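Remarks on the structure that follows.
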Protein chains: 2
Amino acid sequence: MPNCIIAQSGGPTAVINSSVVGLLRENQKLNKFEKVYGGLNGIEGILKGNIIDLSAIPDEDINKFQYTPSSGLGSCRYKMKNIETSTEEYDKLLDILKKLDITTFFYIGGNDSMDTTAKLGRYARENSLDITFIGIPKTIDNDLMYTDHTPGFGSAAKFIATSTLEAYFDSSVYINNGIFILETMGRDTGWLAASACMAQYNDKPVADFIYLPEKPFDKINFIEDVRRKFEEQNQVFIVVSEGLRTADGKFVAEFDCVSQDTFGHTQLGGVSNFLRQVILDSGITTRVKALELGILQRCAMHSASQIDINEAFNAGAESLKLASPENNGYMISIKRESNSPYKTSYELVAADKVANNVKYFPVDWINENGNQITKEAYKYFEPLLQGVPTLYTLNNIPQYKVFTK
Amino acid sequence: MPNCIIAQSGGPTAVINSSVVGLLRENQKLNKFEKVYGGLNGIEGILKGNIIDLSAIPDEDINKFQYTPSSGLGSCRYKMKNIETSTEEYDKLLDILKKLDITTFFYIGGNDSMDTTAKLGRYARENSLDITFIGIPKTIDNDLMYTDHTPGFGSAAKFIATSTLEAYFDSSVYINNGIFILETMGRDTGWLAASACMAQYNDKPVADFIYLPEKPFDKINFIEDVRRKFEEQNQVFIVVSEGLRTADGKFVAEFDCVSQDTFGHTQLGGVSNFLRQVILDSGITTRVKALELGILQRCAMHSASQIDINEAFNAGAESLKLASPENNGYMISIKRESNSPYKTSYELVAADKVANNVKYFPVDWINENGNQITKEAYKYFEPLLQGVPTLYTLNNIPQYKVFTK
């Protein structure tokens with residue numbers, strides 16, 4: 001019987017390990033592969049021969065690993081060369097896999113990882129190699145096309161909504177509370193910032209304004225929004241996406257960029273502090289605070305969504321079930337069948353269709369002023385936040401398990 | 001039958017409302033006061049006549065309020081004049097209380113609020129007024145003297161330990177992970193930063209270094225610590241208190257201070273970004289990230305400690321039980337009777353002994369190099385993190401209730 005390998009790539013999420021465990025459990029059921037190998041640190045580690053046998057790991061460790069945030073097999077941001085440029089890496093990788101009798105490679109990741117999956121699938125096909133490459137979606141950004149949503153997003157959205165609510169109350173205790181700006185991740189799309197609309201009090205979002213990259217940022221309108229609301233209620237609570245852009249497509253906080261990553265993405269940071277300065281300069285008030293949720297929003301397993309954990313698990317299981325040579329270069333995707341009751345199914349889409357594309361937050365779900373989310377979005381978000389996981393704990397702190405330490 | 005009033009002051013915590021509810025429930029049992037009034041926005045609001053009748057609020061709202069973070073009665077940072085300077089405010093306040101037939105005033109707060117409680121108690125005593133002032137401790141900082149710990153600290157410590165653990169795994173997924181600096185609150189003391197030692201993996205704290213204000217910060221030693229550890233493991237995880245000071249007592253990040261609050265405290269921020277720059281300047285690596293937990297650490301009711309919620313409740317209940325004219329100007333305090341089983345009792349201490357004093361993290365619990373917490377501290381922290389509250393939720397997001405909105 002042949003073997004398979006699974007690896008993780010790109011930024012971590014709270015539920016990425018659940019997909020590994022779903023695949024592992026499904027293989028125990030179907031007995032499709034002799035061994036399920038784990039590639040450590042994605043393609044980068046596999047090329048160095050860093051491979052473990054997941055089938056040989058005790059159940060207790062695997063169960064803990066499922067409820068561990070971050071890429072427990074390690075990750076990478078490794079960009080493979082185009083086949084036209086050089087096939088050296090491709091041949092090296094395929095050689096390593098062949099030696100282990102691996103016939104299927106599962107890659108968990110976002111757009112860039114689907115690009116890698118598609119490239120590898122194409123190379124194998126063009127060279128009539130007996131190996132199949134399958135992608136499993138993962139990103140808190142929820143920006144992958146051809147899937148209703150991505151595993152990882154629900155848990156991030158839940159942390160953002162909960163933290164928005166808690167930060168709102170915390171920042172509202174004085175008679176003069178001033179202005180609070182909460183910054184979420186979301187380089188290209190506003191899904192994460194938009195999920196803050198689920199933080200509600202008295203049936204209304206606690207955020208007075210939510211600004212997304214999908215609507216061009218206009219400084220004059222922003223100052224006007226804030227000034228009017230501050231005069232009205234002596235307090236303004238703002239949620240903003242790190243990826244906010246002006247009409248010419250430039251990041252609002254681009255001046256603050258530190259570096260570009262290996263995929264050429266601008267590393268962002270600091271839009272909330274930038275807007276804080278804009279408000280201070282406008283003279284509206286001197287009481288302005290900014291908070292970046294930072295990596296907490298993608299690793300908060302302690303408040304993850306159980307639905308998200310289950311769907312990540314199912315994505316892994318379904319990808320194993322559906323893996324076959326004719327699906328080489330495909331990615332498993334989630335289809336929403338109905339909202340009440342919430343039902344989903346799984347299907348395959350070509351990874352190259354997903355790769356390097358971006359699913360934006362629907363402009364229809366943003367109000368006319370470009371500063372709030374409309375009720376249509378609530379139905380989309382609601383089911384994704386369901387349930388709380390029960391974690392392994394020691395002294396009331398979670399007990400996590402990864403295979404890279 | 002006379003009435004009493006309870007109010008909140010200073011920075012919020014996740015469990016400050018539980019003390020109000022404890023007092024309310026104890027009064028239902030003992031029937032000591034006809035009505036329990038709530039003063040909105042502390043002394044500042046009471047002076048404006050912002051007072052509600054908590055006894056008249058439906059149980060359901062009170063129950064939700066107990067599990068709501070932030071000061072649900074509103075807060076203030078109001079500094080009363082010294083009696084010697086002017087008694088105008090004192091007379092005004094006492095007049096308002098007298099009109100409502102209030103004979104006992106409960107004030108929930110930290111050092112500054114205990115200062116207010118002591119001043120008011122003294123004024124009442126010196127003028128033979130029939131009114132008693134009682135303090136109830138509250139601060140995430142855990143820096144009050146004469147109490148084993150303060151309600152609010154356990155929940156903050158739990159969030160810090162959990163987030164430290166999750167951030168550690170999230171920031172460890174690549175082959176080259178660089179250096180991560182996590183900043184906690186704690187202006188004067190290191191209790192909060194120290195609690196990060198409870199984030200453990202393989203029986204060891206995940207933080208390579210924890211720096212507290214109790215040990216003078218030395219830049220040369222810091223760079224040496226970081227360089228050595230980075231060479232050893234190609235990754236360093238650092239936890240640091242916002243209140244870090246140099247040997248001359250100056251805040252490390254004082255250059256970054258924005259303003260002084262009404263008590264003359266320097267508003268801090270940015271020590272992690274400052275240390276990030278120190279590391280960058282040292283040339284150790286260019287991969288350095290900084291994260292401030294910010295207000296999340298004091299409002300994360302979603303991951304609060306149930307023990308902390310219970311103790312806040314008990315502090316309120318016990319203060320009502322023990323309130324009497326001879327205890328005027330006293331604060332309720334928690335005494336730890338034993339660790340296993342964890343048992344506490346409640347007693348009274350003079351508020352002026354507590355006021356304006358600071359309980360530092362024991363230097364004995366810091367290692368010789370001043371960069372890690374010793375095991376003696378674990379026993380102190382462990383019981384304070386116990387249990388997870390079950391919250392009211394709507395669409396899987398907590399449902400909170402405050403009386404100021």
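All values below were derived from every heavy atom in this structure, side-chain atoms included, with hydrogens, water molecules and symmetry-related copies excluded. Each chain gets a letter, A, B and so on, in the order its sequence line appears, and its residues count up from 1. Model, not experiment: these values are computed from the prediction.
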Where the side chain of A:Glu242 meets the backbone of A:Gly270, is there a donor-acceptor pair that is under 3.5 Å apart?
no
Would you check if there is a donor-acceptor pair between the side chains of B:Asn177 and B:Ser171 at a distance under 3.5 Å?
no
At a heavy-atom separation under 4.5 Å, does A:Lys48 approach chain B through its side chain, its backbone, both, or neither?
side chain
Verify the distance criterion only: is there a donor paired with an acceptor across the side chains of B:Gln277 and B:Asp281 at less than 3.5 Å?
yes
Without hydrogens or angle criteria, can the side chains of B:Asn17 and B:Thr68 be said to hold a donor-acceptor pair below 3.5 Å?
no
Does the side chain of B:Asp208 pick up a donor-acceptor pair with the side chain of B:Gln233 at under 3.5 Å?
yes
Greatest number of heavy atom pairs closer than 4.5 Å to chain B - which of A:Arg298, A:Gln399, A:Met301, A:Met198
A:Arg298
Counting only heavy atoms closer than 4.5 Å, note whether A:Phe403 contacts chain B via side chain, backbone, both or neither.
neither
Counting heavy-atom pairs under 4.5 angstrom with chain B, the leader among A:Pro383, A:Ala167, A:Cys299, A:Gly387 is A:Cys299
Specify which of B:Thr13, B:Leu293, B:Asp170 makes the most heavy-atom pairs with chain A at under 4.5 Å.
B:Asp170
Whatever's closer than 4.5 Å to a heavy atom in chain B on A:Phe169 counts as both
Looking at B:Leu47, B:Ile46, B:Asn41, B:Asp112, which hits side-chain contact (heavy atoms from CB on, under 4.5 Å) with B:Tyr78?
B:Leu47
Pick whichever of B:Ala14, B:Gly45, B:Gly42, B:Ser70 has the most heavy-atom pairs under 4.5 Å with chain A.
B:Ser70
Per-residue contact mode, B:Leu291 against chain A (heavy atom under 4.5 angstrom)
side chain
Regarding B:Gln235 and B:Ser172, is there a side-chain donor-to-acceptor distance under 3.5 Å anywhere?
yes
Looking only at heavy atoms and a cut-off of under 4.5 Å, which of B:Ala161, B:Ser163, B:Pro69, B:Ala300 has the most pairs with chain A?
B:Ala300
Give the member of B:Thr162, B:Asn50, B:Ile175 that has the highest number of heavy-atom pairs under 4.5 Å with chain A.
B:Ile175
Give the member of B:Lys401, B:Lys405, B:Gln8 that has the highest number of heavy-atom pairs under 4.5 Å with chain A.
B:Lys405
